[in-house]
Participant: 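After the C-alpha cells below, expect a handful of questions from me.
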Amino acid sequence: MKKKLKVFKFGGASVKDAAGVRNVSSILKSFQEDPLVIVVSAMGKTTDALEKIVAAHANKTGEAAFHLENVKQSHYAIIAELFGNEHPVYDDVNDTFVSIEWVLDDEPHPNYDFMYDQIVSVGELVSTKILAAYLNHISLPTKWLDARDVILTDDIYREGWVQWEETVENANKIAKPLVEAGGFVLTQGFIGSTKENFTTTLGREGSDYTAAIFSYCLDAESMTIWKDVPGVLTADPRIFENVAKLDRLSYREAIEMTYYGAKVIHPKTIKPLQNKSIPLNVKSFLDPTAPGTFIGPDVDDLYPPMVAVEKNQALLNISTRDFSFVAEHHMSHIFTKIAEFRLQVNLMQNTAISFAVCVNSVDDRVQKFVQSIEDEFKVVVDSDGLELTTVRHYTPQTLEMLRNGKIILVEERTKNTVQMVMKIVPELKRK
Ligand code: ADP
Ligand code: ASP
Ligand code: MG
C-alpha cells in the first residue's frame with residue numbers, strides 16, 4: 001500500500017549551527033522511504049537579527065548594513081563548515097541576501113510592516129536553501145519548494161491571514177506533484193504571499209502554523225514538530241522548576257494552553273489539524289526515538305495542573321462617559337474595533353458602565369485601538385509589567401505558588417481554568 005504523507009517541522013533551534021543541520025539530516029535519513037514535507041524556520045536567532053535591520057533602516061540609524069553583514073557572515077560560516085569553500089549554495093544564498101540590499105538602497109518604505117516582511121522572510125529562504133543543498137549533498141534527494149507559491153494570505157503584513165481556498169488549490173497543483181515524484185520536499189515556515197505576489201509573514205513563531213497548513217491541504221497522516229524539549233511540558237521550563245512531560249494531550253487542551261501563551265506551539269497550529277483529525281507529535285530533536293507528546297482527539301485523561309504565562313499584557317478599563325450601560329450597543333462597537341486592530345482578547349469582565357479587557361500588547365496596536373474609541377469612552381490602560389497566568393486543572397497549591405510575590409489585578413475562575421492578570425510586587429527598600 002502507498003505510504004501516506006507526513007509533515008515535519010524543524011524550528012530555529014534545531015538548525016542554529018552546522019552541527020544542528022547535520023543532526024536534522026540524520027533524523028531525516030531514517031525517514032527517506034516516507035513521503036515527507038519538511039517545513040523549516042530561520043536558523044537560530046536570525047529572525048531577531050533581521051528585525052534589527054528593519055528597525056535600523058526605518059530609523060535611519062546607519063547600522064542596517066552592519067547588522068546585515070553579521071547575518072550574512074553567520075550563514076556563510078555554517079555553509080563553510082558544511083560544504084567547504086566551493087559550492088553553488090554560496091551564490092544561491094548570496095543572491096537571496098541581495099534582495100535585502102535592494103531594500104536598504106531605497107528610502108525606508110512608508111509601510112513599516114510591508115518592509116518588515118520583505119526583509120525578515122529572507123531568514124527562512126536562506127535556511128531552507130542551505131538545508132536542501134546539504135540533504136542533496138549527502139544523497140538524500142530533496143526538492144526546494146517556495147512556500148509563497150502555495151500559501152496565499154491577505155495583505156495585512158506581519159500577520160497575513162491565510163486564504164484557504166486558494167491555498168488548498170495551490171497545494172494540490174504545486175506541492176502534491178512534487179511529493180508524488182518522490183524524495184523530500186523542503187519548504188519555509190512563516191512566509192506566504194499576497195495575490196499581487198508580495199511576501200507576507202504569518203506572525204512570529206509562525207512556522208508551526210505553516211506545517212499545519214501543509215498538513216491540512218495535503219491530508220497528511222500526521223505532523224511532527226521537532227523541539228529542544230522532550231515534548232509538551234506542564235509549564236515553560238525556562239520559568240518553572242519540576243515540570244513534567246505530558247504523554248498525551250487533546251487538541252482542546254493544546255489550543256487552550258497555546259492561545260494563552262504556552263510558547264511550545266504556535267496557537268494557530270491546532271485548528272487545521274483538528275479539523276481533519278491529523279495527529280500532532282511533539283518530539284525532541286535531541287532524542288528522536290523518544291515518544292514525545294501525542295496531541296489528538298479528546299480522551300478521558302486526568303491532567304496534572306498546567307501553567308501558561310503570557311507576558312506583555314495590557315489591561316484596559318473602558319467606561320462610558322455619559323453613565324449609559326456598557327452592554328447596550330457599546331459592546332459591539334468596542335469588539336469591531338478590537339477585531340480591526342487584531343488585538344488578542346485574553347480575559348474580560350464588565351460592570352454596569354465599564355468593561356475591563358486584558359489583551360496582548362503588541363507593537364502600537366493597543367495605543368491605536370485606544371485612540372480609535374477615545375471620543376466615546378474613557379479608557380485607562382495599565383501595561384506596566386503585567387503578565388497573564390493561565391492554569392488548567394488547578395490545585396490550591398499551584399495557585400498559591402503562582403500568586404507568591406504578585407499582585408492580582410483581575411482573576412477569573414471556571415471549573416477547569418483559573419486566569420490571573422498579575423503584577424510583580426515591587427520590593428520595599430529602606431532609604
Ligand atoms: P522552535 O525552535 O521550534 O521555534 P521554540 O523555541 O519556539 O522552538 O519552542 C520551544 C521552547 O518552548 C522550549 O525550549 C521551551 O523553553 C518553551 N516552552 C514554553 N512552554 C513550554 C511548554 N509548556 N512545554 C514545552 N516547552 C515550552
Ligand atoms: N523564524 C520565525 C520566528 O522566529 C518563525 C518561526 O521560527 O516559527 O518568529
Ligand atoms: Mg520558535
Side-chain angles (χ1 to χ4, degrees), residues 8-17 20-21 23-24 27 38-52 54 71 116-117 119-128 131 147 151 158-160 187-192 199-213 223-247 249 253-269 280-287 292-293 295 303-311 362 389-393:
F8 282 3
K9 180 260 171 172
F10 289 96
S14 68
V15 289
K16 68 177 193 312
D17 51 23
V21 173
N23 178 53
V24 166
I27 294 173
I38 307 157
V39 174
V40 180
S41 305
M43 294 175 145
K45 301 277 178 218
T46 301
T47 307
D48 295 341
L50 293 168
E51 282 186 344
K52 279 194 190 161
V54 183
V71 172
Y116 177 103
D117 282 358
I119 290 180
V120 167
S121 54
V122 168
E124 268 67 14
L125 292 171
V126 292
S127 70
T128 51
L131 184 58
I151 298 181
R158 286 180 84 176
E159 201 179 337
T187 195
Q188 309 76 43
F190 186 48
I191 69 174
T199 303
T200 49
T201 61
L202 307 177
R204 284 301 308 260
E205 303 295 332
S207 299
D208 298 334
Y209 183 38
T210 302
I213 298 166
M223 171 173 148
T224 303
I225 50 181
W226 297 86
K227 296 271 170 184
D228 60 356
V229 279
V232 179
L233 307 169
T234 47
D236 189 336
R238 293 167 298 190
I239 309 179
F240 296 101
E241 287 170 359
N242 300 330
V243 293
K245 185 194 68 114
L246 297 151
D247 295 335
L249 203 60
E253 289 297 328
I255 203 164
E256 291 293 343
M257 293 309 289
T258 55
Y259 181 82
Y260 291 118
K263 293 281 176 265
V264 61
I265 307 168
H266 189 281
K268 285 188 177 173
T269 311
L280 169 61
N281 301 295
V282 181
K283 284 166 72 88
S284 165
F285 61 74
L286 302 167
D287 188 7
T293 300
I295 301 174
Y303 291 101
M306 300 190 283
V307 182
V309 177
E310 186 81 289
K311 297 196 159 78
V362 182
T389 299
T390 302
V391 196
R392 300 273 293 165
H393 314 287

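Count residues from 1 along the sequence. Each ligand, and each atom within it, is numbered from 1 in the order the structure gives.
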Participant: So is Lys9 close enough to ligand 1, meaning a heavy atom under 4.0 angstrom away?
Facilitator: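 It does; at least one heavy atom falls under 4.0 Å.
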Participant: Side-chain contact test, heavy atoms from C-beta onward, threshold under 4.5 Å: evaluate it for Thr258 versus Asp208 and give yes or no.
Facilitator: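 They are not in side-chain contact.
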Participant: Any nitrogen or oxygen of Asp208 lying under 3.5 Å from a nitrogen or oxygen in ligand 1? Just yes or no.
Facilitator: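 No, there is no polar N/O contact under 3.5 Å.
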Participant: Side chains of Thr199 and Asp117 only: does a donor on one sit below 3.5 Å from an acceptor on the other?
Facilitator: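 Checked: Thr199/Asp117 side chains show no N/O donor-acceptor pair below 3.5 Å.
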Participant: Of all the non-hydrogen atoms in the protein, which one sits nearest to atom 1 (P) of ligand 1, and at what distance?
Facilitator: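 Heavy-atom neighbour on the protein nearest atom 1 (P) of ligand 1: Lys227 NZ, 3.6 Å.
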Participant: Atoms of ligand 1 less than 4.0 Å from Ala235 heavy atoms?
Facilitator: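 Once the distances to Ala235 are compared, the set is 22 (C), 23 (N).
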Participant: Based purely on interatomic distance, does Thr234 place a nitrogen or oxygen under 3.5 Å from a nitrogen or oxygen of ligand 1?
Facilitator: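 Checking ligand 1 against Thr234, no N or O pair falls under 3.5 Å apart.
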Participant: Which of the listed options, Ala13, Gly206, Ser41, holds the heavy atom that is closest to atom 2 (O) of ligand 1?
Facilitator: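 Among Ala13, Gly206, Ser41, the closest heavy atom to atom 2 (O) of ligand 1 belongs to Ala13.
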Participant: Less than 4.5 Å apart, any side-chain heavy atom of Thr210 and any of His266?
Facilitator: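 Not in contact.
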Participant: Minimum heavy-atom separation for Ala147 and Gln188, please, with both atom names.
Facilitator: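 Ala147 and Gln188 have their closest heavy atoms at N-OE1, 2.7 Å.
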Participant: Relative to the heavy atoms of Gly12, which atoms of ligand 1 are at a distance of less than 4.0 Å?
Facilitator: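 Counting from 1, the qualifying ligand atoms are 2 (O).
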Participant: Could you check whether any side-chain heavy atom of Thr390 comes within less than 4.5 Å of a side-chain heavy atom of Tyr259, counting everything from C-beta outward?
Facilitator: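 Counting from C-beta outward, Thr390 and Tyr259 never come under 4.5 Å.
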Participant: What atoms in ligand 1 come closer than 4.0 Å to a heavy atom of Leu233?
Facilitator: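 It comes down to these atoms of ligand 1: 22 (C), 23 (N), 24 (N), 25 (C).
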Participant: Which heavy atom of the protein is the closest neighbour of atom 7 (O) of ligand 1, given with residue, atom name and distance?
Facilitator: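 Ranked first by proximity to atom 7 (O) of ligand 1 is Glu205 OE1, 3.0 Å.
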Participant: Roughly how far apart are Ile191 CD1 and Thr200 OG1, rounded to 0.5 Å?
Facilitator: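 Here the rounded value is 8.0 Å.
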Participant: Does Ile213 reach the side chain of Leu202, with side-chain heavy atoms less than 4.5 Å apart?
Facilitator: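 In short, these two side chains touch, coming nearer than 4.5 Å.
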Participant: Who's the nearest protein heavy-atom neighbour of atom 14 (O) of ligand 1, and how far?
Facilitator: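 Here the nearest protein heavy atom works out to Asp228 OD1, 2.6 Å.
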Participant: Looking at Gly231, which atoms of ligand 1 are within less than 4.0 Å of one of its heavy atoms?
Facilitator: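 Those qualifying, in numeric order: 25 (C).
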Participant: Which ligand 1 atoms, with their elements, are less than 4.0 angstrom from a heavy-atom of Gly11?
Facilitator: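 Reading through ligand 1 atom by atom, the close ones are 1 (P), 2 (O), 3 (O).
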Participant: Heavy-atom distances under 4.0 Å decide this one: backbone, side chain, both or neither, for Val229 against ligand 1?
Facilitator: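 Val229 to ligand 1: side-chain contact only, backbone stays beyond 4.0 Å.
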Participant: Within a strict 4.5 Å, meaning less than it, do heavy atoms of the Leu249 and Tyr303 side chains meet?
Facilitator: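 Yes, close enough: below the 4.5 Å cut-off.
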Participant: Would you call Phe10 and Leu131 a side-chain contact if the rule is heavy atoms closer than 4.5 Å?
Facilitator: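 Of all side-chain heavy-atom pairs linking Leu131 with Phe10, none is under 4.5 Å.
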Participant: Measuring to protein heavy atoms, does anything land under 4.0 Å from atom 23 (N) of ligand 1?
Facilitator: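 Under 4.0 Å from atom 23 (N) of ligand 1, at least one protein heavy atom found.
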Participant: Using a 4.5 Å cut-off on heavy atoms from C-beta on, say whether the side chain of Thr234 contacts that of Phe240.
Facilitator: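 When only atoms from C-beta onward are counted, Thr234 and Phe240 do not touch, as no gap falls below 4.5 Å.
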Participant: Suppose we measure from atom 27 (C) of ligand 1 to each protein heavy atom; which comes out shortest, and what is that distance?
Facilitator: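 For atom 27 (C) of ligand 1, the nearest protein heavy atom comes out as Val264 CB, 3.6 Å.
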Participant: Less than 3.5 Å between some nitrogen or oxygen of Arg238 and one of ligand 1, yes or no?
Facilitator: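 N/O-N/O distance under 3.5 Å: yes.
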Participant: Using a plain distance cutoff, I'd like to know if Pro237 has any nitrogen or oxygen under 3.5 Å from a nitrogen or oxygen of ligand 1.
Facilitator: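 Between Pro237 and ligand 1 (N or O atoms, distance only) the closest approach is not under 3.5 Å.
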Participant: Would you say the side chain of Val54 lies within less than 4.5 Å of the side chain of Val120, judging by non-hydrogen atoms?
Facilitator: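 Counting from C-beta outward, Val120 and Val54 do come under 4.5 Å.
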Participant: As a test of reading the structure, name the N/O/S atom of Glu205 that is nearest the Mg ion (ligand 3).
Facilitator: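 The atom in question is OE1.
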Participant: What are the two closest non-hydrogen atoms of Thr201 and Tyr116, and how far apart are they?
Facilitator: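 Heavy atoms only, the tightest pair is OG1-CE2, 4.3 Å.
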Participant: Is any N, O or S atom of Asp208 under 2.8 Å away from the Mg ion (ligand 3)?
Facilitator: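 So Asp208 does not count as coordinating the Mg ion (ligand 3).
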Participant: For ligand 2, list all ligand N or O to protein N or O distances below 3.5 Å, rounded to 0.1 Å.
Facilitator:
| unit_1 | atom_1 | unit_2 | atom_2 | d |
| --- | --- | --- | --- | --- |
| ligand 2 | 1 (N) | Thr47 | OG1 | 2.7 |
| ligand 2 | 1 (N) | Glu124 | OE2 | 2.6 |
| ligand 2 | 4 (O) | Thr47 | OG1 | 3.3 |
| ligand 2 | 4 (O) | Arg204 | NH2 | 3.0 |
| ligand 2 | 7 (O) | Ser41 | OG | 3.3 |
| ligand 2 | 8 (O) | Glu205 | O | 3.4 |
| ligand 2 | 8 (O) | Gly206 | N | 3.3 |
| ligand 2 | 8 (O) | Ser207 | N | 3.0 |
| ligand 2 | 8 (O) | Ser207 | OG | 3.0 |
| ligand 2 | 9 (O) | Arg204 | NE | 2.6 |
| ligand 2 | 9 (O) | Arg204 | NH2 | 3.4 |
| ligand 2 | 9 (O) | Glu205 | N | 2.7 |

Participant: When you compare ligand 1 with Val232, is there at least one nitrogen or oxygen pair between them that comes in under 3.5 angstrom?
Facilitator: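 Looking only at distances, the answer is no, because the N/O contact criterion of under 3.5 Å is not met.
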Participant: Would you name the heavy atoms of Ala262 and Ala308 that are closest together and state the gap between them?
Facilitator: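 Scanning both residues, the minimum pair turns out to be N-CB, 3.7 Å.
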